[in-house]
Structures are given as C-alpha cells and as structure tokens.
Amino acid sequence: MKMEIETTLNTAEIVEEIGVETFAEGQSNVENMLDTLPLMGKGMIGILLVTIIIIAGISLLNKIKDKPEERDSVGR
Amino acid sequence: MDFLSELFSGFTYIAKDGNWKTIVMWLIGGILIYLAIKKKMEPSLLLPMGLGAILVNLPMASEGIVSEHGSITTLFNAGIANELFPLLLFIGIGAMIDFGPLLSNPKLMIFGAAAQFEIFFTLSLAALLGFDLNDAGSIAIIGAADGPTAIAVSQSLNSSYQGAIMVAAYSYMALVPIIQPPVIKAITTKKERMIRMPYRPSSVSKRTKILFPIVVTIVVGIFAPKSAELIGFLMFGNLIRECGVLDNLSETAQSALANIVTIFLGISISFKLQANDFLNPRTLMILGLGLVAFIFDTFGGVMLAKLMNLFLKEKINPMIGAAGISAFPMSARVVHKLGLEEDDQNFLLPHTIGVNVSGQIASVIAGGLILGMLS
C-alpha cells in the first residue's frame with residue numbers, strides 16, 4: 001500500500017511505504033537533494049526560533065531575585 | 001572425527017566464501033579497543049563497542065548471542081530499540097551540567113543553535129549521495145556530537161545504518177581535540193583568536209536555576225514535541241542537581257546511573273555491528289558525512305561569531321562559536337586551550353562552557369525537529 005503525501009510547498013512527492021519514508025521513485029539524487037532544501041530551511045528556522053524563545057525566557061527568569069541569603073554565584 | 005569437525009567448525013565457517021567479513025569486524029573491534037585504551041578516546045563507549053563488535057561476529061557463537069532471545073538482542077531491545085538507555089543517560093548528563101554560565105549570559109545560546117545548523121545541511125548532502133530520507137536524517141545528527149540523541153533519532157527513524165552512525169558519533173566526539181583546532185585556525189585570524197572577552201559574572205538566583213529546567217522542558221516540548229522526551233530527561237537530571245534537596249540522587253545520577261547505563265549502552269550497540277549490517281560501502285560514506293557534519297558545525301558557530309562582530313562594539317572571540325557542538329565539556333576546553341595558546345592571559349573558559357552547554361540543549365532540539373519533520 002502506498003500513500004502519496006504532498007509537501008506544504010508542493011515541491012516534491014514523498015512516497016510513503018509501510019514503515020519507510022523515501023523519495024519518489026525515479027528521481028535522481030540531485031532531485032532528492034532539492035527535495036530536502038525546504039526541510040533544511042524549516043529546520044534552521046525552527047532551531048533559531050526555539051533558541052530565541054529560550055533566551056527570552058532565561059532573560060525573564062533572571063529578573064527573579066532571591067532573598068540575599070539564597071543568592072548563588074555563577075560557576076560554583 | 002565428528003567431535004573434531006565440531007571443534008573446528010568455527011574455523012571452517014570463516015574459511016567459507018563471504019565470511020572474511022568476520023575477521024574484518026574483529027580488526028575493527030580491536031581498533032576501537034586500542035583507541036579506547038591507548039589513545040583514551042571515549043573509553044567508556046568505544047571499549048564495550050569494540051569488544052561487542054568481536055563478540056557479535058564470533059562464528060557460530062554469535063548465532064546465540066544475537067538470536068531472538070540472545071543476550072545482546074535482549075539488551076538491545078530493552079534499552080536501544082525503545083530508546084530507554086539514551087534517556088536514562090541523559091538524566092546523568094543533566095545532573096552533571098551547571099547551566100550557570102549560560103544563565104548569566106543567555107545570548108551565548110545563539111552559538112549553540114548556529115552550531116546545529118549544519119546538521120540540516122548534512123541532511124541534504126546525504127540525500128545528494130543517495131541516502132534515503134530517514135537515513136539522511138539519522139546521518140545528519142552525527143554532527144550534533146551527541147551520542148544519546150544520535151541513538152534516539154536513528155532508532156526512531158529506523159535507520160538501516162545505526163551501527164555505523166553510532167560508531168561515527170562516538171568516535172568523532174572523542175576526536176574533538178583533533179578535528180576542531182585546524183578548522184578553527186583555518187577560518188580565523190590570529191588577531192581574532194586573541195580577542196579578549198572579559199568575564200563579568202553575574203549572580204544567578206537559585207530560583208532561576210530551579211525554574212530553568214522546568215521552563216526549558218515546557219518551551220521545547222511545545223515547539224518541538226518530538227524533543228520532549230530527550231529534553232525532559234536531560235532537564236530532570238538538571239533539576240535533581242539544582243533543587244538542593246536531592247544531593248544523594250544527584251550524585252547517584254552523575255556517577256552510578258551514568259556508569260551503569262553507559263556499560264549497557266556500549267555493549268548493546270554492538271547488536272548493530274554485525275558484519276553483514278556494518279560492512280558495506282555506505283559505512284565509509286557515513287563516516288565521511290559524519291566528519292563533514294562535524295567540521296561544518298564548528299564552521300557554523302565560528303562564522304556566526306565573526307558575523308556578529310561586524311555589528312558589535314565589544315567584539316566576541318569567534319572561537320567560542322566552535323564550542324557550540326554538544327561534546328561537553330571537551331569542546332569548551334579545546335577552545336579555551338586555543339585561546340591560551342594565542343594569549344596566555346585570555347581566559348575563555350567561562351564563555352565556552354556557556355556556549356557548550358547551550359549546544360547540548362540545541363542538539364536535542366535539532367534531533368526533535370528532524371524527528372518531527374521525518375517521522
């Protein structure tokens with residue numbers, strides 16, 4: 001059984017067989033590589049976005065102050 | 001005579017056509033053991049993998065060891081197939097890490113992210129070389145220099161090359177002191193390497209250190225759900241460390257738990273080091289791609305720092321970008337040492353440690369994103 005799944009950008013067909021995802025049959029390796037370019041872009045943007053959110057979260061957390069007796073210096 | 005032929009059946013097995021691969025795997029196992037003991041390269045993983053490679057390739061004997069109910073098969077199914085061992089190891093790793101340097105300068109995390117960009121570049125390169133999408137994703141994660149994440153991703157994606165991926169991931173982690181310095185020196189000038197970065201420690205509240213693992217778990221779990229398990233267990237270990245009321249558990253996680261899981265993980269990985277699985281031309285390509293990913297991760301972190309220096313008044317030493325790979329704490333120490341070689345008063349360690357620990361988080365996020373896109 002095969003299902004055809006279109007990517008959101010309609011740049012490639014990814015043919016999904018049972019348990020295995022692969023590129024469309026008959027495509028050259030160059031075409032396979034081009035199919036992965038949207039994944040590359042999404043991955044890079046994704047990691048950048050999550051990182052920025054975490055940086056913002058840490059900056060907010062750093063506004064939290066301890067009582068003087070609880071304060072801890074960095075790198076202990 | 002029957003007794004003698006049975007006694008020597010192992011030798012006759014090797015002599016049969018095609019079974020020379022057995023000897024090759026013994027040699028590979030021997031090399032891994034040599035690297036572990038003589039060169040002290042990641043001995044906790046390479047040594048059990050090396051002996052395991054010999055064990056699972058013993059003629060006749062291996063049929064029991066890797067049979068359906070064999071010992072190595074049982075261990076593999078108990079901890080690798082269900083990704084349990086990498087998760088348990090992450091508890092120990094999380095308990096070992098002090099995120100204080102990162103918390104005092106959170107902007108350093110951007111270098112951890114930049115060092116993972118090249119994972120996605122390697123994914124495309126692997127596709128260009130003819131690898132299936134799932135295999136390409138599994139190979140790309142080698143560049144993260146994060147063994148547990150590499151195991152978890154390659155197992156989830158059901159990669160056909162798990163053995164080669166795991167050997168590559170752990171071997172290159174051990175080779176950080178050899179691989180990174182020439183790459184860094186090639187893309188930086190002496191003047192750049194001598195940039196001093198004053199360290200201005202700011203106090204990080206205990207509450208911040210306690211809330212950090214909780215917040216990161218929630219944020220990463222929401223935005224990269226496939227990372228939730230990995231990041232959750234990593235942060236669980238860190239929370240045990242930072243809460244201040246579980247010192248015994250923290251110590252156990254850092255030592256006993258980490259060591260026990262490492263032993264089981266190392267020997268059970270050898271399930272994927274059987275000759276017929278491991279010895280094919282694609283293994284060499286995977287080792288090459290892993291090296292490319294590693295080099296480009298170093299490249300990416302350094303280049304981002306150089307780009308930022310175009311806009312910053314207070315310059316960053318671009319070498320710290322190279323510490324964004326997940327090989328903790330080796331990469332941080334390597335970069336710090338490079339800084340001292342150029343200027344013996346330039347102490348980059350507080351900054352490189354901050355970047356290095358951020359790379360640990362970023363590599364888990366990258367693994368989760370790959371899983372999210374491909375599974």
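Note on naming: letters A, B, ... go to the chains in the order of the sequence lines (proteins, then strands), and numbering restarts at 1 for each one.
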Walk me through it: do B:Phe131 and A:Asn32 pass the test side-chain contact (heavy atoms from CB on, under 4.5 Å)? CA-CA 9 Å; B:Phe131 284 97; A:Asn32 289 344; over 6 Å; no
Working for side-chain contact (heavy atoms from CB on, under 4.5 Å), residues A:Ile54 and B:Ile365: CA-CA 11 Å; A:Ile54 292 174; B:Ile365 298 170; 4.0 Å; yes
Working for side-chain contact (heavy atoms from CB on, under 4.5 Å), residues B:Leu374 and A:Leu39: CA-CA 9 Å; B:Leu374 299 184; A:Leu39 297 177; 3.8 Å; yes
What verdict does the side-chain contact (heavy atoms from CB on, under 4.5 Å) test give for B:Phe212 and A:Leu61, after you've listed the backbone C-alpha separation in whole Å, the side-chain angles of each residue and the deciding distance to 0.1 Å? CA-CA 7 Å; B:Phe212 172 72; A:Leu61 283 176; 4.2 Å; yes
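Residue B:Ile110 touches chain A through both its backbone and its side chain, counting heavy-atom pairs closer than 4.5 Å. For B:Leu108, no part lies near chain A; criterion is any non-hydrogen pair under 4.5 Å.
Residue B:Phe328 qualifies as enclosed at atom CZ: its count of foreign heavy atoms under 6.0 Å is above 12. More than 12 heavy atoms of other residues, nucleotides or ligands shown are found within 6.0 angstrom of CD on B:Gln254.
Separating the CG atom in B:Leu125 from the CE atom in A:Met40 is a distance of 9.0 Å, to the nearest 0.5 Å. Here the CG atom belonging to A:Leu37 is positioned 13.5 Å from the CZ atom belonging to B:Phe120, to the nearest 0.5 angstrom. Residue B:Leu129 holds its CG atom at 10.0 Å from CE of A:Met33, rounded to the nearest 0.5 Å. In this structure, the separation between CE on B:Met109 and CD1 on A:Ile55 is 6.5 Å, given to the nearest 0.5 Å. Distance CD1/A:Ile52 to NZ/B:Lys107: 13.5 Å, rounded to 0.5 Å. Separating the CD1 atom in A:Ile47 from the CD1 atom in B:Ile119 is a distance of 6.5 Å, to the nearest 0.5 Å.
Looking at B:Ser104, B:Ser205, B:Pro106 one by one, the single match for side-chain contact (heavy atoms from CB on, under 4.5 Å) with A:Asn62 turns out to be B:Pro106.
Nearest heavy-atom pair, B:Ser124 versus A:Thr36, reported as atom, atom and distance to 0.1 Å: OG-OG1, 2.8 Å.
When side chains are defined from C-beta on, A:Leu49 does not count as touching B:Phe223, because their heavy atoms never get closer than 4.5 Å.
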